[in-house]
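In what follows, chains carry the letters A, B, and so on, assigned in the order in which the sequence lines appear, proteins first and then strands, with residues in each chain numbered from 1.
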Amino acid sequence: MAGPGSEFVPLVVVGERAAYLRAGMPCAGSARDVLAEVARVEAAGGPRWVVPSAQASLAPLVADGLPVARTWDLAEAHRLLHGGWAAHPAVVHATLAGLPLDGIPRDREADLFDLPADPLDDTRPDDPVGPGGYLRPEALTLGWADRDSRLVALARLVGDLAATQQQRMAQLGPRAVATAYSESAAAVLCLELERDGLPMDRARAEALVAQAAGPRPTSEADAARIRAERDARVLAHAPGRRADLRNPAQVKDLLAAAGVEVATTRKWVLEPYRATHPLVAALLDWRKDERIATTYGYRWLDEHVGPDDRLRGAWTASDGAAGRMTAQAGLHNLPAPLRPAVAAQPGHVFVRADLGQIEPRVLAAVSGDRAFAEATLADDLYAPVAAKLRVERSVAKIAVLAAMYGQRSGAAGEALRDLQRAYPVAMGLLDEAYAAGLARRPLRTFGGRLIRLDTALAPEAGQGGGEGWDAARGRFARNAIIQGAAAELFKAWAATVRHLVRPLGGQIVLCLHDELLVHVPEQQAEAAVAVLHRALADSARRWVGASAGVPVRFVAEVSVIHRWDEAKG
DNA sequence: CCCATGACGAG
DNA sequence: AGCTCGTCATGGGT
């Protein structure tokens, strides 16, 4: 008896029409009817729904609150297999058919007029693949898919494409297939994150914005006055001079007149001068406030925090580089001073969990370095590394990070050489990645994601650039295999947590590279804490899988809080 | 109006 | 340290 999810069911939604194909039997019709049927099938222990993308096919189901459990996402699978971000169905199809991408036909009409076609027009064939072998540009519009037979043909094609992708994944190994599952789940999670938003304390947010940006302006003129006052507090330290603080060149001159000569006015350049002249300190503080005033101010609140006090932004499951999740509306770069405004709803708490020392632990896993894997058994991985290298912990930490990210400056020198001797397998993997970057040779992450280096950081392939760009590409490659693998483990963890907290009435409300924020009724807090730990153990074990010579330990710090700033800094 | 750049927030 | 992302403001081009 096949378990849930072992059955693959292609599902396509085009405007108001939809179709799926189960065991060769089509179900097609109005989107409302078909999706109601999908919900019933899902509730009865669903199959794995094969979709062109979660965004295109599952958005209406997610909007209705259906917790779609298992999917195969053609777009995410494509990004995994072939790298980059472009994953339109036409791109997926052409790639799998071995056709050049620059031959993909464009149909302006389909873009502009997404309307049902004339029902008497029977001149167009029912094959979604056109005469040139490419997917018809109009195939995913109602202009073409306006009748059941065509929707079913489309679903059949989607199923075939997924089958081909699976074969290619399987050639990469079982881990790549598992990664395709969790990447697909992440794409659904992205829709849920966007639907549910991040709970906010609006009054607190307004107060925090006011602290940095002043009171809410009542008019354009009022706004200008407040801005001028903010500027004046900096310019007071440079009497007799005028400068536009938003113009780096003028700021540079202003600083020079005060005796502070800098090449650029970047924060990390100025920071050392903070104490040398009060102007520098005032300027740096001004920039902090200005950031909140312009980017995270009242307009941001009004635009992105809904009437239900939830902060919402669009999410993507994988960026074009190493495959991390991204979010808009400032969800991934909320300034620390605003974090107290992220607050659980009454009767609820946040369970916050973040992965400790995730990148070196991932390095141990993906390299299979036995000695380094042994170090992961410690709560603090750098302690055993320091002991082995006979150096201070801080030195060991800098050396490990330098190895992973390709530091050029600084003095990690001798420790780096010792690191090479102590953990040759892990360091060798990093060196291979660096070499691949130099040679523009593509890489794959542990989970099978293709890291393309022919286009990355290339001014123009072949010409120019020089050593600076080559080395930058090397560092990018070195970092991508770690960052990318960490993103895969993170998403596998998140997908597991998503399933396990639902019965508790909980939901993931934020994903932050190595951190999960789960919103849960307070009486379920302890259960959720246990879930987060268990989910990590399970997903890490599945993810590391057969390569486990020595087990690699992953750890999560989990805390129950009411406001986001409560847990450790 | 588009686009590159500088600056900075987060991990 | 090094890498990724998103966002805003400026200023040089069209």
[X] side chain N/O closer than 4.0 Å to the phosphate oxygens (OP1, OP2) of [N]?
X: A:R478; N: C:dT4; answer: no
X: A:R287; N: B:dC8; answer: yes
X: A:R475; N: C:dC3; answer: yes
X: A:K267; N: B:dG9; answer: yes
X: A:T265; N: B:dA7; answer: yes

Nearest-Å distance for atom pair [atom1]/[atom2], residues [X] and [N]:
X: A:L416; N: C:dA1; atom1: CG; atom2: C1'; result: 11 Å
X: A:H304; N: B:dG9; atom1: NE2; atom2: P; result: 18 Å
X: A:L311; N: C:dG6; atom1: CG; atom2: C1'; result: 13 Å
X: A:W268; N: B:dG6; atom1: CH2; atom2: P; result: 10 Å
X: A:I482; N: C:dG2; atom1: CD1; atom2: C1'; result: 13 Å
X: A:R339; N: B:dG9; atom1: CZ; atom2: C1'; result: 10 Å
X: A:E290; N: B:dG6; atom1: CD; atom2: P; result: 19 Å
X: A:L255; N: B:dG6; atom1: CG; atom2: P; result: 17 Å

Looking for any heavy atom pair under 4.0 Å, which part of the strands does [X] touch: base, sugar-phosphate only, or nothing?
X: A:A336; value: sugar-phosphate
X: A:Q483; value: base
X: A:A327; value: sugar-phosphate
X: A:A322; value: nothing

Problem set entry | Between A:F446 and A:W543, ring centroids under 6.0 Å |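 Centroid separation for A:F446 and A:W543: below 6.0 Å.
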Problem set entry | Within the 6.0 Å centroid threshold, strictly below: A:H513 and A:H332 |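 Centroid distance A:H513-A:H332: below 6.0 Å, so yes.
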No-hydrogen, no-angle side-chain donor-acceptor test under 3.5 Å, [X] and [Y]:
X: A:D231; Y: A:W286; value: yes
X: A:R534; Y: A:T496; value: no
X: A:E183; Y: A:S318; value: no

For this session: For a side chain to side chain contact (heavy atoms under 4.5 Å, CB included) with A:L389, tell me which candidate from A:L419, A:V400, A:L416 qualifies.
Result: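 Looking at A:L419, A:V400, A:L416, the match for A:L389 under the side chain to side chain contact (heavy atoms under 4.5 Å, CB included) is A:L419.
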Of the candidate nucleotides [options], which contains the atom at the shortest distance from the side chain of [X]?
X: A:N333; options: C:dG6, C:dC5, B:dG6; value: C:dG6
X: A:R246; options: B:dA7, C:dT4, C:dT10; value: C:dT10
X: A:T326; options: C:dC5, C:dC8, B:dG6; value: C:dC5
X: A:D319; options: B:dG11, C:dC8, C:dT4; value: C:dT4

For this session: Give a yes or no on whether a donor-acceptor pair under 3.5 Å exists between the nucleobase atoms of B:dG11, that is its base, and the side chain of A:R324.
Result: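 A donor-acceptor contact between them is present.
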Exercise. For A:N247 and A:T295, take the nucleotide of DNA chain C holding the closest heavy atom to each; which residue's nucleotide lies nearer the 5' end?
Worked result: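 Residue closer to the 5' terminus by nearest nucleotide: A:T295.
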